[in-house]
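Predicted, not measured: the structure shown is a model, and the values here were computed from it. Ligands are counted one by one from 1 in listed order, and the atoms in each one are counted from 1 as well.
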Amino acid sequence: MRQLTIAMPKGRIFEEALDMLRTASYNVPPSFDLSRKLLAEVKEEGLTFILAKPSDVPVYVEHGVADVGIAGKDVLLEEDRNVYEVLDLGISRCHLSVAGLPGAEPDPFAPKVATKYPRIASDYFREQGEQVEIIKLNGSIELAPMIGLAERIVDIVSTGKTLKENGLVELETIRSITSRLIVNPVSYRLKDEAVRQLTERLQLVVQGGDGL
Ligand code: PRP
């Protein structure tokens, strides 16, 4: 029996990822409710799911407590963990952008950028040749320009609703983001058959097939 532990983020990516596994003919029950559970098994398929905070998924996979994981490219770039990225799942599409109040100019002496992604933001502004102070926040980033903490933010934009509802506009797009299948380097070798099967079956779904 294949035995794989899969780390996944709670919430929207999780639902999309489960749907993908079902389309790939994994027997994941429709009533598989993990709204409160953090660890669950689908015995017939030899799959154990770890439900984690999105930014912790690569940590579990790097340390090998999960063989594979599903993580956003944003998290992978920010965390820079020792994991193999084997497949672009094409789900949870969004982009990383610079945003701010319309018409607001960066402070000419001490420009500030608030973000959950200090590494990505620093790299981006360095590449642009702009020196900024990065202020790390853990959520509700859109507040920062409204209350004068920073003139600009770097954050995920999905529907654009959060920006709109808070009177902010997108100023620059940094890159597009999708969820990726990642693998622990040791599991990649020791559980190669199970990992390969999972990757191939999900790849068929990505390409529009029905799985195996
Ligand atoms: C993310 C992101 C934005 C929002 C974008 O926040 O940080 O705030 O979603 O989505 P939208 O364009 O569809 O409105 P999340 O819900 O993860 O919460 P957070 O504020 O805690 O980061």
How about atom 3 (C) of ligand 1: does it have a protein heavy atom within less than 4.0 Å?
yes
Would one find more than 12 heavy atoms of other residues, nucleotides or ligands at under 6.0 Å from atom NZ of K136?
yes
Which ligand 1 atoms does S140 reach within 4.0 Å, using its non-hydrogen atoms?
19 (P), 20 (O), 21 (O)
Would you say S158 and ligand 1 have an N/O pair spaced under 3.5 Å apart?
yes
To which protein heavy atom is atom 5 (C) of ligand 1 closest, and what is the distance rounded to 0.1 Å?
I156 O, 3.4 Å
Under-4.0 Å protein heavy-atom contact, atom 16 (O) of ligand 1
no
Atom 9 (O) of ligand 1 protein-contacted (non-hydrogen atom, under 4.0 angstrom):
no
R201 side chain to S25 backbone, donor-acceptor under 3.5 Å
yes
Going by the atom numbers of ligand 1, which of them fall below 4.0 Å from some non-hydrogen atom of V157?
12 (O)
Considering only heavy atoms of T159, which atoms of ligand 1 have at least one such atom less than 4.0 Å away?
11 (P), 12 (O), 13 (O), 14 (O)
Is there a polar contact, in the sense of an N or O pair closer than 3.5 Å, between L163 and ligand 1?
no
Hey, is CZ on R93 packed in by over 12 heavy atoms from elsewhere, all under 6.0 Å?
no
Taking only non-hydrogen atoms of T162 and a 4.0 Å limit, the atoms of ligand 1 in range are 4 (C), 5 (C), 8 (O), 10 (O), 11 (P), 14 (O)
Using a 4.0 Å heavy-atom threshold (strictly under), name the region of D155 that reaches ligand 1: side chain, backbone, both or neither.
side chain
How far is atom 1 (C) of ligand 1 from the closest protein heavy atom, and which atom is that?
K116 NZ, 4.5 Å
Give the intermediate values and the outcome of side chain to side chain contact (heavy atoms under 4.5 Å, CB included) for residues V154 and L96.
CA-CA 7 Å; V154 166; L96 261 172; 4.2 Å; yes
May I ask you to decide if N82's main-chain N or O and E62's side chain share a donor-acceptor pair within less than 3.5 Å?
yes
Side-chain donor-acceptor pair present, E172, Y124, cut-off under 3.5 Å:
yes
Provide the number and element of each atom of ligand 1 under 4.0 Å from a heavy atom of G160.
11 (P), 12 (O), 13 (O)
Pairing residues for F125 by the ring-ring contact (aromatic ring centres under 6.0 Å, His included) criterion, not counting sequence neighbours:
none
Select the closest option to atom 21 (O) of ligand 1 among P54, C94, G72, G139, judged by heavy-atom distance.
G139
Ligand-residue contact atoms, ligand 1 with K161, heavy atoms, under 4.0 Å
12 (O), 14 (O)
Using atom types as modelled and distance alone, determine if a side-chain donor or acceptor of N166 lies under 3.5 Å from a backbone N or O of T162.
yes
With atoms numbered from 1 as shown, which atoms in ligand 1 lie under 4.0 angstrom from a non-hydrogen atom of E142?
3 (C), 8 (O)
Min side-chain heavy-atom separation V86-L181 under 4.5 Å:
yes
Does a side-chain N-to-carboxylate-O contact under 4.0 Å join D19 and R22?
yes
